[in-house]
*Asks:* 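Okay, handing you the structure first.
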Amino acid sequence: MSSTIAAAFGRRGSNTSNSEKDHSQYPSGDPVVRHNPVGEDDSSEQDDDARLAQMGYKSEFKREFRSLSTFSFAMAIMGLVSSVITTFNTPLLSGGGPSVIWTWFIGSVMNMTLGVSIGELVSAFPSCGGLYSASGYLVPKRYSKITAYGVGWANGLGQIAGISGSAYGLSSMIMAWAYVITDGRFVASTGEIVGLYIGIMVIAGVINSFPTSWLARLTASYVFVNLITTCVIAILVLARTPSGEYTSGADAFVNISGASGWSKSLAFLIGLQMVQFVMTDYDATAHISEEVSRAAIAAPVAIVQAVFVTGLMGFFLNIALVFAMGDVASTDITTWPGELAVAQILLNRGGKVAFLVVWPFACAVAFFVVITAVQANARTFFALARDRAIPGWFAIVEKRTKVTINAVWLVVLANIILIQLAWINYTAIAAIFSLAALGMDLSYWVPIVGRTIFADHPEVRFREQKGPFYLGEGLFGQFIRWTCIVWTLFECIVLAIPSTTPVTAMSMNWSSVVFGGVMILAFGAYAVAGHRYYIAPGSQRVPSNDTMQSQSPSEGSQVSNQEKL
């Protein structure tokens, strides 16, 4: 059986002749997968393809993303207004106004340390593998394979859950619009929401099959729709709320309330699910870095800018929603359009006409999230396939469009499978939101820990591999990284806690169970056969940096058949 699995993944024996190798899975023969350390050559910081070649990869994409489209992509992946809309219920119902406002504030500040730490790694290793590829270089060579393999699967699973949560949220938002325009006569069933979800995923797959240049031009407009819609909703709900109906300052900022059944402190912390879902998938911009011009600086800067702007704008949006919400939290959730509290707040304050006009723009923002997330996730699967972690068929790049068509549709299929959890209940859907943040944040935590602990290890020597975006090894850099490490581990624990008590099979937060199950299966496949053919980033580092420094970037990209793994 192991030989069958190995054949599917394209294993090559060490003694296989050139004529016997199977090149059918790749448009131009075996992929270049020699993994060498990034050197200190200044040209590697200026030449995207040279830096990529020093990592052992050949550039196969067109670099169509410029500064604006890259920043817009980073903003779009977080969604801001649409992601707040779809996750606002959790902090509101668990801890009330204080949970909404203060968990966002705390999470935004702490997530900035995560965004900056990720930016440093993306700058050093700007490949479509993102932190998956970086992780193989940030630990000693003997740990490279198992570390990168685990990070890759955790990141891929988290991205799938993030897309699923965003697409399901978009389906609910569209159904909320239909509910309002029919004056409550149309209430969508689970089957109708799931059916719409599948349609959204198919459309996103089609769009992501377009050439990279089309995607770059389309993406550049996302940020404007996102920010303008956020401002319009915040201003509208505040301006249309009668002066006597504003939430009091005490209820907005101090009095923790809710019906979760947990203690007030834990009920408050459960509200972190919103900010962690919104402000995640930081490294999505890294996954398109092989399509970004000046990726070593443009990608990390876009990540940090997006985290800052999303945190600041989201904080004021949440304050506006809390002060304008009135008694929404005490009403029946089933009466809210799409069962979304923000939809009810906007309807109450803006009225039917304003709701019907503004809401489609929020839906558009949610659709932008799905499109950009599918693109990023497809590049992740491409990177995994390039290193033989999944079948090499998904590493094929379509020659004309320079798009990973097979990987795009793998993402679509995986999300259609995952959304079948919707047939259980809403708690299962909420678990998807937790799973997204849990999977991705843990995949960030591991390489950041490796970079912090092994920075001076003779097989890592991060100073020699650093990119132009660099925190340094002094007190400031250490403080940022260790704060990020402790915070990420803490919030991942909180994300695994059920949102209500007593905990039953129907109210259980199954995110940790799903995550653990998938990781067990992945490592099981690795133990059976994967370790024989998987070529991890960094696992074939040359023993001396002198060897790398004496080799030009162009020579590094031309790997002979004997040197290929």
*Asks:* When you compare the side chains of Thr219 and Ser69, does any donor N or O come within less than 3.5 Å of an acceptor on the partner?
*Replies:*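 No donor-acceptor contact under 3.5 Å links the two side chains.
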
*Asks:* Do any N or O atoms from the side chain of Thr380 and from the backbone of Ala376 form a donor-acceptor pair under 3.5 angstrom?
*Replies:* yes

*Asks:* Yes or no on salt bridge (Lys or Arg N to Asp or Glu O under 4.0 Å) for Arg451 and Glu120, after CA distance, side-chain angles and deciding distance?
*Replies:* CA-CA 10 Å; Arg451 180 262 181 271; Glu120 181 183 49; 2.9 Å; yes

*Asks:* Given side-chain contact (heavy atoms from CB on, under 4.5 Å), test Phe73 with Leu215 step by step and report yes or no.
*Replies:* CA-CA 10 Å; Phe73 185 97; Leu215 293 174; over 6 Å; no

*Asks:* Is there a donor-acceptor contact under 3.5 Å linking the side chains of Tyr132 and Asp387?
*Replies:*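 Looking only at side-chain atoms, Asp387 and Tyr132 do form a donor-acceptor pair, the distance falling under 3.5 Å.
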
*Asks:* Do Arg379 and Thr404 meet the criterion of a side-chain donor-acceptor pair at a distance under 3.5 Å?
*Replies:*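 The answer is yes; a qualifying pair exists.
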
*Asks:* Please check if any side-chain donor atom of Asn111 sits under 3.5 Å from a side-chain acceptor atom of Gln276, or the reverse.
*Replies:*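 Their side chains do contain a donor-acceptor pair, which is all the 3.5 Å distance test asks for.
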
*Asks:* What pairs meet the salt bridge (Lys or Arg N to Asp or Glu O under 4.0 Å) rule with one or both residues in residues 431-440, with sequence neighbours excluded?
*Replies:* none

*Asks:* Which word best sums up how the rings of Tyr149 and Trp153 line up, parallel for under 30°, tilted for 30 to 60°, or perpendicular for over 60°?
*Replies:* tilted

*Asks:* Evaluate the criterion salt bridge (Lys or Arg N to Asp or Glu O under 4.0 Å) for residue pair Glu291 and Lys402; output intermediate values, then yes/no.
*Replies:* CA-CA 10 Å; Glu291 301 162 79; Lys402 293 295 183 180; over 6 Å; no

*Asks:* Using the side-chain contact (heavy atoms from CB on, under 4.5 Å) rule, take Phe210 and Thr401 through it: C-alpha gap first, then chi angles, then the decisive distance, then the call.
*Replies:* CA-CA 7 Å; Phe210 293 163; Thr401 62; over 6 Å; no

*Asks:* Keeping the roles fixed (side chain from Asn226, backbone from Tyr222), state whether a donor-acceptor pair exists under 3.5 Å.
*Replies:* no

*Asks:* Do we see a donor-acceptor contact under 3.5 Å between the side chains of Thr87 and Gln273?
*Replies:* no

*Asks:* Taking Thr488 for the side chain and Ile485 for the main chain, is one N or O donor matched with an acceptor at less than 3.5 Å?
*Replies:* no

*Asks:* Tell me, please, which residues at least two apart from Thr452 pass side chain to side chain donor-acceptor pair (under 3.5 Å).
*Replies:*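 Thr452 satisfies side chain to side chain donor-acceptor pair (under 3.5 Å) with no other residue.
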
*Asks:* Between Tyr137 (side chain only) and Ser144 (backbone N and O only), is there a donor and an acceptor less than 3.5 Å apart?
*Replies:* no

*Asks:* Report yes or no: does Thr147 contribute a side-chain atom to a donor-acceptor pair with the main-chain N or O of Gly136 at less than 3.5 Å?
*Replies:* no

*Asks:* Any side-chain to backbone donor/acceptor pair from His457 onto Pro140? Under 3.5 Å, distance only.
*Replies:* no

*Asks:* Walk me through whether Phe71 and Val223 qualify under side-chain contact (heavy atoms from CB on, under 4.5 Å).
*Replies:* CA-CA 8 Å; Phe71 170 64; Val223 64; 3.7 Å; yes

*Asks:* Please answer whether the main-chain N or O of Ser164 pairs with a side-chain N or O of Asn415 as donor and acceptor at a distance below 3.5 Å.
*Replies:*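 It does hold such a pair.
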
*Asks:* Is the side chain of Thr310 donor-acceptor paired with the backbone N or O of Ala306 at a distance under 3.5 Å, no angle test?
*Replies:* yes

*Asks:* Which atom pairs, one a donor and one an acceptor, fall under 3.5 Å between side chains of residues 523-531 and the rest of the protein, sequence neighbours left out?
*Replies:*
{"unit_1": "His531", "atom_1": "ND1", "unit_2": "Tyr526", "atom_2": "O", "d": "2.9"}
{"unit_1": "His531", "atom_1": "ND1", "unit_2": "Ala527", "atom_2": "O", "d": "3.3"}

*Asks:* Can you check whether Phe394 and Phe382 have ring centres sitting under 6.0 Å from each other?
*Replies:*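 Between Phe382 and Phe394, which both carry aromatic rings, the centre distance is not below 6.0 Å.
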
*Asks:* Please answer whether the main-chain N or O of Asn377 pairs with a side-chain N or O of Gln159 as donor and acceptor at a distance below 3.5 Å.
*Replies:*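 Yes: the side chain of Gln159 pairs with the backbone of Asn377.
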
*Asks:* Between the side chain of Ser83 and the main-chain N/O of Val278, is any donor-acceptor distance below 3.5 Å?
*Replies:* no

